[in-house]
Structures are given as structure tokens and as C-alpha cells.
Amino acid sequence: SGRSNPGGFLIEQRRLEKQPADLRVGAFTEITLKPTAAGGTAQASRCTDCGVPFCQNACPLQNNIPDWLALSADGDLREAWRVASATSTMPEICGRICPQDRLCEGACTLQQSGWDGVTIGSVEAWIADTAFDNGWVEPIRPLAERGQSVAIVGSGPAGLAAADRLRSEGYAVTVYDRHDRAGGLLTYGIPGFKLEKRIVQRRIDRLVEGGVEFVLNTNVGVDVTMDELRSRHDAVLLAMGVYQARTLGVPGRGPNDTVAALDFLIAQNRVDCGDAADASAPHAAGRDVVVVGGGDTAMDCVRTAIRQGANSVVCLYRRDRDNMPGSAREVQNAEEEGVRFEWLGAPKALMSKGDTVTAVRAQRMALTEASAGGRRDIAPVAGSDFDLPADLVIEALGFEPEAFAEQLDAGLGLTKWNTLQVARGGFATTLPGVFAAGDAVRGASLVVWAVRDGQDAAAEIDRYLRARTEEAAA
Ligand code: FAD
Ligand code: SF4
């Protein structure tokens, strides 16, 4: 960017202020306070413009971080927004929920050289929120209609990102989703205290206003077949995510003894979206809750349970804090809010009295010596059983793909992990004119990767449809 700011690191790093834990556990709203203009500018100006944008390389979207930080430091937020929105269709969402410590911020030169890194994510969200507040977010207005249409199956971040790019190119876009609301895990997975529903809704509204059609409550493969979609549209993008929840294989687990993490989260997210509470939905009020698992989903469950007024909340995870898949920042938030972590504890059995679960029997695990590959494994410690009292056990053990080929089309090639098979370096499935993106291809991943895939798949579909138009004209 040609600018140099060697003294930036002398400005103190300030993370966005969080509401005190005792206040935030009373609500499902975001826990951080919004930055002031002076605060946002000061944090942006901490970037020293080191000249080697490791941050940009570590961002799955290759966001032009040094440039929008410099523009924000100069107070030119409108131009910063133009740069930020050129590479990302959802900067305000990624800025909030990317695990920045493992991506852009972890790679920041300041962080790498022992100083506190630039708070890139919160500056990104601030730029985008300011753009929305000031009406700088342009509506989608294609230069010309192309006369071809694309079906997108799944309205999560991959589907929404692709819809944005394809509609902007002038394609008619129809997004199908089996849920009653669009947004995928942005709406029904990720809780409001990380990402408020209105932030997601504002993106969906913009797509609707730009002419994207949403066909909800429609399970593709059941309510409409793939053949129908392929004959109605010129191309199809499959962005269905992964939803087959793994379950606990322990003795004593009856069919109604546990609750699946997503069922628990969806019930609360529905209420946050404005639906009336469903008395038959799982709820943690007054209960002793054990959440099994150590990923993002587990963190969201424990923090939701606390907010619902649980009597106690324990997270049981078989590895230790340093080897958990979830974000360290979320563990800290959970601990502040009153969640207790049982690290190196693996479930062994469910204990019940009559029809009701009373405890999770667990055993202590220990880290073994590093193997040749360098990774330390875990092994149970003999005679180390202990019981965690519980009358609500939530399974947050991860997700596998559903049976895509069986559900949609037997011609869909799958990988050995049952994800959708795509051509190397691209998005084309084994069916002509059918593409795939997001978790359905990668397996459970991150929002920012889904956005990247959606955008890139849209570019590939655009090339494919242009080539078809040229063929037809020849
Ligand atoms: P999804 O968001 O899963 O969307 C798929 C959509 O397809 C859904 O709306 C579904 O209803 C629809 N669908 C599926 N099958 C059909 C069908 N047959 N017919 C019609 N519609 C169908 N990532 C982060 O980066 N940060 C986080 O903090 C974070 N927290 C998470 C918390 C939880 C609880 C979970 C479960 C995941 C979290 N993730 C997080 C991961 C992230 O949400 C996913 O990687 C991302 O949403 C994947 O996007 P996608 O568009 O591929 O799929
Ligand atoms: Fe960082 Fe995510 Fe934003 Fe990229 S999209 S700059 S990784 S917060």
C-alpha cells in the first residue's frame, strides 16, 4: 500500500469490550460492545504495514487486510468498505465469528513477533456495520439479465455467497431450503450471542430485494427431485452442509436419554428469530447439564444452557484444553459465564433411574508420549471412573454427511468420507451442470471457507453457462 507506520504497535491493543458475564448470561444478544469511531480508528492504525501480508495469506478469502486497515486508520471507512466488500460477500459475519486467532490475527506480524496482533476481525465487522448504517451497501442491480437460471440447494453461507455473486452477474437465482428460514447454520446453528439474527437477516433481505428467489420448506430429494431441478434450471449448486450427527456409543444410552446438539440449538434459535417457545423442545432451565464434545458446537451448547438458566453446566471433553478443536476465545467466554470444563474426560456410560438419566459416568484420560507423527494421543487411566450428575445430556460430537447420493441422485459421486466428490481444483460434481460447495464438499468446516467456496463456485458456474451460451450461438 506504499504507506509505512512503524510505530503502530506502540498503540495499545484493545479487544472489544465485553459485557460483564453476569449481565450477558441474561440475554442471547452479542456480548461485545460496539467500538466508537475513535476506538476503531486507533485499533486499525496499529497495523505497521509490515509489507509482508501474512494476515492476507492466512485469510481464506485473501482479504486485502492491510489496505482496509490503512483506509480505516485514515478515517476513510467508505473506501475501506469498498475494498473489504470486493473480496467478501459477508465481512460483517466473518469479522464476528471467524476463529481469527487461527487465521488472520494469528498470522499478524505483530503477533508473531511477540506484540499483541491487530484486532483484524473486529475492525472488519466495524467497517461493514458502518457501511450498513450509512446506506453504503449497494443493492444488487445486474447490468443485464442473462436469461439463464441457477438453482442453489441450501441457504447457508455457501449458498448465500453464491447467490449474491450469480445474481449480480444477471442470472435468475432460486435458493431451495428445507428449513422455514434461510441462513443455514448462520440462522439455526450459531447462537445470537455470537451472531445476532438481524445481522444474518439483513444479508438475506438484500438478496431478496436484489431478485433472488427463496423457496423454503422444500426438501430437495423429497419435495422436489434433482431431475426436476435440472430441467427447470441451467445449472444447480449443491450447498447442503453436513447434518448427520454422531452419537455416543456407550452402554445405558437409550433413544430418549440424550439430546442432539443441533436440536437443542435450533429450539433456542427459533425463539431468537421471534417464534413462540415450544414447550416440547429441549430446554436447560433448572437442569444439570453435561455437554459431551469440544468443538464450536459444544461451546455454543454450554453457553446456551447457561443462558436458559441451567442449574449446572459441565463440558466433558476427552482431550485437553490445548488439543480441543473449538476456539480458545469461546472456552474463555464459557468459563467466565460459569461453565465448568472436565478436560481429559471420556464418557463411559449413562446412568439412569427408571426412565430418567441421572449421571454421565466418565473416565480420566491421559496424554501419551508423542508418536512418530508428533501428535500426542490419549489413553484411559485405569480405575479413574467418576460420575457427573446430569438430567440433560447433550451430544455435540460432530457431523457427518447425509446419504447424498441416495437422497438426491444415484449418479452423484462421493468421496470415502461420503462428502460430495468434485473435480480437482473446482466445484463440478460427477453430474453435468451440477456443482457443489461448502461443508457438503469439505466436511464440517468454517463459515469463511463456505463463503470462499460459494464465491468461487459462482465464478465457475458463470464460466460454464457463458460457454454454453456461446456453444448454442455457434
Ligand atoms: P450450512 O450452513 O449447513 O447450510 C446448509 C443448508 O442446506 C441448511 O440451511 C439446510 O437446511 C439446507 N439443506 C440441507 N439438505 C437439504 C435438502 N435436501 N433440501 C433443501 N435444503 C437442504 N463456523 C465458523 O466459522 N465460526 C463459528 O463460530 C461457527 N460456529 C458453529 C456453531 C455450530 C453450532 C455449528 C454446527 C457450526 C459452526 N460453524 C462455525 C461451522 C459453520 O457454521 C459451517 O461450516 C457453515 O455454516 C457451512 O456452510 P454451508 O453453507 O456449507 O452449510
Ligand atoms: Fe480474518 Fe476471517 Fe476476516 Fe479473513 S474473513 S480477515 S480470516 S476475520
Side-chain angles (χ1 to χ4, degrees), residues 55-56 58-65 68-69 84 87-88 90-108 118-125 127-128 152-162 175-191 194-195 215-224 226 229 237-243 245 261-262 264-266 269 293 295-301 304 326-327 329-330 396 398-399 401-402 404 407-408 436-454:
C55 54
Q56 179 167 11
C59 167
L61 289 164
Q62 302 275 288
N63 279 342
N64 195 342
I65 300 164
W68 47 251
L69 286 174
T87 51
S88 173
M90 295 181 204
E92 71 288 1
I93 293 177
C94 294
R96 282 172 164 82
I97 58 164
C98 273
Q100 286 100 6
D101 47 348
R102 286 189 265 140
L103 301 172
C104 54
E105 293 180 13
C108 171
V118 177
T119 56
I120 296 167
S122 50
V123 174
E124 183 181 19
I127 294 168
I152 298 177
V153 184
S155 63
L160 295 182
V175 182
Y176 297 85
D177 203 293
R178 63 186 174 192
H179 270 304
D180 56 344
R181 287 189 173 88
L185 292 173
L186 299 175
T187 297
Y188 278 147
I190 300 170
K194 278 164 58 181
L195 174 66
V215 179
L216 302 175
N217 297 307
T218 302
N219 194 352
V220 174
V222 176
D223 302 317
V224 54
M226 274 291 282
L229 286 193
L237 176 66
L238 302 176
M240 296 158 310
V242 288
Y243 284 92
L262 210 50
F264 179 65
L265 294 173
I266 288 175
N269 279 318
D296 279 328
T297 307
M299 296 308 107
D300 291 347
C301 288
T304 296
S327 139
R329 176 182 65 186
E330 295 306 304
F399 302 92
E402 294 173 59
F404 293 136
Q407 256 170 289
L408 299 175
D439 279 4
V441 175
R442 292 179 181 272
S445 175
L446 292 174
V447 168
V448 65
W449 280 113
V451 172
R452 163 78 191 263
D453 279 0

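Order of listing sets the numbers, starting from 1, for every ligand and every atom in it.
Between the side chain of Glu92 and the backbone N or O of Ala125 there is no donor-acceptor pair closer than 3.5 Å. Thr187 contributes no side-chain N or O that, together with a main-chain N or O of Leu185, makes up a donor-acceptor pair within less than 3.5 Å. At distances below 3.5 Å, not a single donor-acceptor pair connects side-chain atoms of Asp180 with backbone N or O atoms of Asn217. Formation of a donor-acceptor pair under 3.5 Å by the Asp439 side chain with backbone atoms of Gly241 is not found in this model. For Thr218 (side chain) and Asp177 (main-chain N/O), no donor-acceptor pair under 3.5 Å exists by modelled atom type. Remark: side-chain polar atoms of Asn219 are not paired, donor with acceptor, to backbone N or O of Arg178 under 3.5 angstrom.
Comparing heavy-atom distances from atom 31 (C) of ligand 1 across Thr218, Ile190, Val224 singles out Ile190 as nearest. The closest non-hydrogen atom to atom 41 (C) of ligand 1, taken over Ala444, Gly443, Ser445, Ala450, comes from Ser445. The closest non-hydrogen atom to atom 43 (O) of ligand 1, taken over Asn269, Val175, Asp296, Leu185, comes from Leu185. For atom 5 (C) of ligand 1, the nearest non-hydrogen atom from the set Ala239, Cys98, Pro191 comes from Ala239. Relative to atom 12 (C) of ligand 1, the option among Asp177, Asp223, Leu408 with the closest non-hydrogen atom is Asp177. Taking all heavy atoms of Val242, Val153, Thr297 into account, the minimum distance to atom 33 (C) of ligand 1 is reached by Thr297.
Interface of Gly241 with ligand 1, defined as ligand atoms under 4.0 Å from a residue heavy atom, comprises 3 (O), 5 (C), 53 (O). Numbered from 1 in the order shown, with element, the atoms of ligand 1 that lie under 4.0 Å from a heavy atom of Ala158 read 51 (O), 52 (O). Of all the atoms in ligand 1, the ones that sit under 4.0 Å from a non-hydrogen atom of His179 are 11 (O). If you number the atoms of ligand 1 from 1 as listed, the ones under 4.0 Å from a heavy atom of Lys194 come out as 27 (C), 28 (O), 29 (C), 30 (N). Residue contact check: Gly154 has heavy atoms under 4.0 Å from atoms 6 (C), 7 (O), 12 (C) of ligand 1. Shown in contact with Ile65 at under 4.0 Å from a heavy atom are these atoms of ligand 2, numbered in order with element: 6 (S). Near Asn63, meaning under 4.0 Å from any of its heavy atoms, are these atoms of ligand 2: 3 (Fe), 4 (Fe), 5 (S), 6 (S). Under a 4.0 Å criterion applied to the non-hydrogen atoms of Leu103, ligand 2 contributes the atoms 7 (S). Heavy-atom contacts of Asn219 reach the following atoms of ligand 1: 17 (C), 18 (N), 19 (N) (cutoff under 4.0 Å). Distances below 4.0 Å separate heavy atoms of Leu265 from the following atoms of ligand 1: 34 (C). Numbered from 1 in the order shown, with element, the atoms of ligand 2 that lie under 4.0 Å from a heavy atom of Cys94 read 5 (S), 8 (S). Listed by number with element, the atoms of ligand 1 under 4.0 Å from a non-hydrogen atom of Gly438 are 52 (O). Which parts of ligand 2 touch Val448 is read off a 4.0 Å heavy-atom cut-off, strictly below it: atoms 5 (S).
Remark: minimum distance from atom 19 (N) of ligand 1 to any protein heavy atom is reached at Val220 N, 2.9 Å. Closest protein heavy atom to atom 21 (N) of ligand 1: Arg178 N, 3.1 Å. Scanning the protein heavy atoms around atom 14 (C) of ligand 1, the nearest turns out to be Met240 O, 3.2 Å. For atom 44 (C) of ligand 1, the closest non-hydrogen atom on the protein side is Asp439 OD2, 3.3 Å. Given atom 4 (O) of ligand 1, the protein heavy atom at minimum distance is Gly156 CA, 3.4 Å. Ranking protein heavy atoms by distance to atom 49 (O) of ligand 1, first place goes to Pro157 CG, 3.3 Å. Protein heavy atom in closest approach to atom 26 (N) of ligand 1: Ile97 O, 2.8 Å. Counting protein heavy atoms only, atom 23 (N) of ligand 1 is closest to Val447 N, 3.5 Å.
For Glu124, the N, O or S atom closest to atom 3 (Fe) of ligand 2 goes by the atom name OE1.
Assignment of Phe399 to the shell around ligand 1 is supported, since a heavy atom sits closer than 4.0 Å. Residue contact annotation: Tyr243 has a non-hydrogen atom under 4.0 Å from ligand 1.
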key: salt bridge (Lys or Arg N to Asp or Glu O under 4.0 Å) between Asp453 and Arg442, intermediate numbers included   = CA-CA 10 Å; Asp453 279 0; Arg442 292 179 181 272; 2.9 Å; yes
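Ionic pairing of Arg329 and Asp101 is not present here: no N-O contact between side-chain nitrogen and carboxylate oxygen is shorter than 4.0 angstrom.
When heavy-atom distances to ligand 2 are checked against a 4.0 Å cut-off, Cys98 comes that close only through its side chain, counted from C-beta outward.
Considering backbone and side-chain atoms alike, Gly183 places every N or O at 3.5 Å or more from each N or O of ligand 1.
Atom 1 (Fe) of ligand 2 has no N, O or S atom of Cys55 inside 2.8 Å of it. At a cut-off of 2.8 Å, Cys59 does not coordinate atom 2 (Fe) of ligand 2 through any N, O or S atom.
Each of Ile120, Leu103, Thr87, Ile65 was scored for a side-chain contact (heavy atoms from CB on, under 4.5 Å) with Cys59, with one residue passing: Ile65.
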